[in-house]
A.B. asks: 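Okay, here's the structure, questions in a sec.
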Amino acid sequence: MSGLARRIRWAPLGLSAVAVVAAGARAEPASVPLSALKSCAEIGALAQRLACYDRLAGREPAPAAALAPVAALAPVAALAPVPPKQSFGLYSAEHASAPQLESLSAKVIAIGIGGNGHPLLTLEGDQVWELDSADPVLRTGDTVTIKRGTFGSFVMTTSGGRIHRLRRVR
């Protein structure tokens with residue numbers, strides 16, 4: 001075997017060795033003990049909690065002037081609850097301690113097409129729902145009823161009795 005053929009045959013092995021050495025040379029990120037994260041999470045004051053997390057991340061703590069807007073934020077528990085009719089179908093709003101509706105009847109105020117090609121319905125109250133398939137008979141002004149399905153799904157029944165699966169977009 002000639003010298004050139006031998007070098008070509010061994011070239012892939014040489015490149016593999018370089019890749020293995022380069023991968024081993026990467027520095028592993030420093031891990032933070034879970035107990036340190038928990039101690040930061042237990043701090044009640046927002047500015048001090050943020051400073052604790054900054055220390056764990058190896059960052060310089062933010063100046064007090066930059067933390068003023070953070071300190072002015074209302075605690076999450078103080079936020080006003082979303083009315084059940086407005087939150088129907090929204091995962092984050094429904095999994096709070098608010099009461100849940102089993103169904104909703106509303107008028108269609110707009111019909112459009114989403115970025116993925118699925119029909120979008122805007123109902124009164126500015127709820128936007130994405131249908132699984134088009135309904136050529138559904139029109140603006142029609143009244144629809146949306147009920148809970150199984151496993152967190154939703155089913156819409158039109159005034160003409162047609163049934164669609166859908167999900168709440170906004």
Side-chain angles (χ1 to χ4, degrees), residues 10-104 106 109-133 144 146-156 164-170:
W10 288 97
L13 293 176
L15 291 175
S16 298
V18 169
V20 168
V21 170
R26 279 187 281 155
E28 289 295 319
S31 66
V32 176
L34 186 59
S35 61
L37 287 172
K38 285 183 179 179
S39 66
C40 286
E42 292 172 355
I43 297 173
L46 293 173
Q48 291 153 348
R49 185 170 54 242
L50 179 60
C52 180
Y53 285 129
D54 282 346
R55 278 192 302 278
L56 290 179
R59 289 182 59 187
E60 290 292 322
L67 295 177
V70 173
L73 292 175
V76 175
L79 296 176
V82 179
K85 188 171 181 178
Q86 296 300 322
S87 66
F88 183 79
L90 287 176
Y91 182 85
S92 60
E94 286 194 336
H95 286 82
S97 61
Q100 295 183 3
L101 294 176
E102 288 302 313
S103 67
L104 168 76
I109 60 171
I111 300 174
I113 301 293
N116 59 1
H118 289 252
L120 292 177
L121 295 182
T122 303
L123 304 179
E124 52 190 6
D126 287 330
Q127 294 184 14
V128 179
W129 294 80
E130 179 183 76
L131 273 68
D132 64 342
S133 61
V144 296
I146 301 173
K147 294 182 180 178
R148 293 181 184 281
T150 55
F151 302 114
S153 65
F154 293 91
V155 179
M156 178 186 79
H164 294 278
R165 293 211 176 272
L166 70 165
R167 70 178 185 89
R168 176 114 184 237
V169 176
R170 136 177 100 84

A.B. asks: Can you confirm whether Arg148 sits close enough to Phe154 that some side-chain heavy atom of one is under 4.5 Å from a side-chain heavy atom of the other?
C.D. replies: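 Yes, side chains in contact.
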A.B. asks: Over all heavy atoms of both residues, which pair between His118 and Leu131 is shortest? Give the atoms and the distance, please.
C.D. replies: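 Smallest heavy-atom distance, with atoms named: ND1-O, 3.1 Å.
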A.B. asks: Once you round to the nearest 0.5 Å, how far does OG of Ser35 lie from NZ of Lys38?
C.D. replies: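 The OG atom of Ser35 sits 8.5 Å away from the NZ atom of Lys38.
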A.B. asks: Once side-chain hydrogen bond (donor to acceptor under 3.5 Å, both in side chains) is applied, do any residues pair with Asn116, and if so which ones, sequence neighbours excluded?
C.D. replies: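 Asn116 satisfies side-chain hydrogen bond (donor to acceptor under 3.5 Å, both in side chains) with Glu130 only.
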A.B. asks: Applying side-chain contact (heavy atoms from CB on, under 4.5 Å), can you list everything that pairs with Ile111, at least two apart in sequence or on another chain?
C.D. replies: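 Listed in chain order: Val108, Leu121, Leu138, Thr140.
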A.B. asks: The criterion is side-chain contact (heavy atoms from CB on, under 4.5 Å); which residues satisfy it with Ala36, sequence neighbours excluded?
C.D. replies: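 Only Val32, Pro33, Leu56 meet the side-chain contact (heavy atoms from CB on, under 4.5 Å) criterion with Ala36.
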A.B. asks: What heavy-atom pair brings Ser153 and Arg165 nearest, and what distance separates the two atoms?
C.D. replies: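 Result for this residue pair: OG-NH1, 3.6 Å.
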A.B. asks: Considering all heavy atoms of both residues, which atom of Tyr53 and which atom of Cys40 are nearest to each other, and what is their separation?
C.D. replies: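 Tyr53 and Cys40 have their closest heavy atoms at CE2-CB, 3.5 Å.
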A.B. asks: Indicate yes or no: at least one non-hydrogen side-chain atom of Ile109 is less than 4.5 angstrom from one of Asp126.
C.D. replies: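 Yes, their side chains come closer than 4.5 Å.
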A.B. asks: Let me confirm one number: the OG1-CZ distance from Thr122 to Arg170, rounded to the nearest 0.5 Å.
C.D. replies: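 So the gap between those two atoms works out to 6.5 Å.
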A.B. asks: Determine the minimum heavy-atom distance between Ile146 and Leu123, stating which atoms define it.
C.D. replies: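 So the two residues come closest at CD1-CD1, 3.7 Å.
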A.B. asks: Evaluate the side-chain proximity of Leu104 to Gln127: yes if any heavy-atom separation is below 4.5 Å, no if none is.
C.D. replies: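 Yes, side chains in contact.
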A.B. asks: For residues Cys52 and Ile43, report the shortest heavy-atom separation together with the two atoms involved.
C.D. replies: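 Distance-wise, the nearest heavy atoms are CB-CD1, 3.8 Å.
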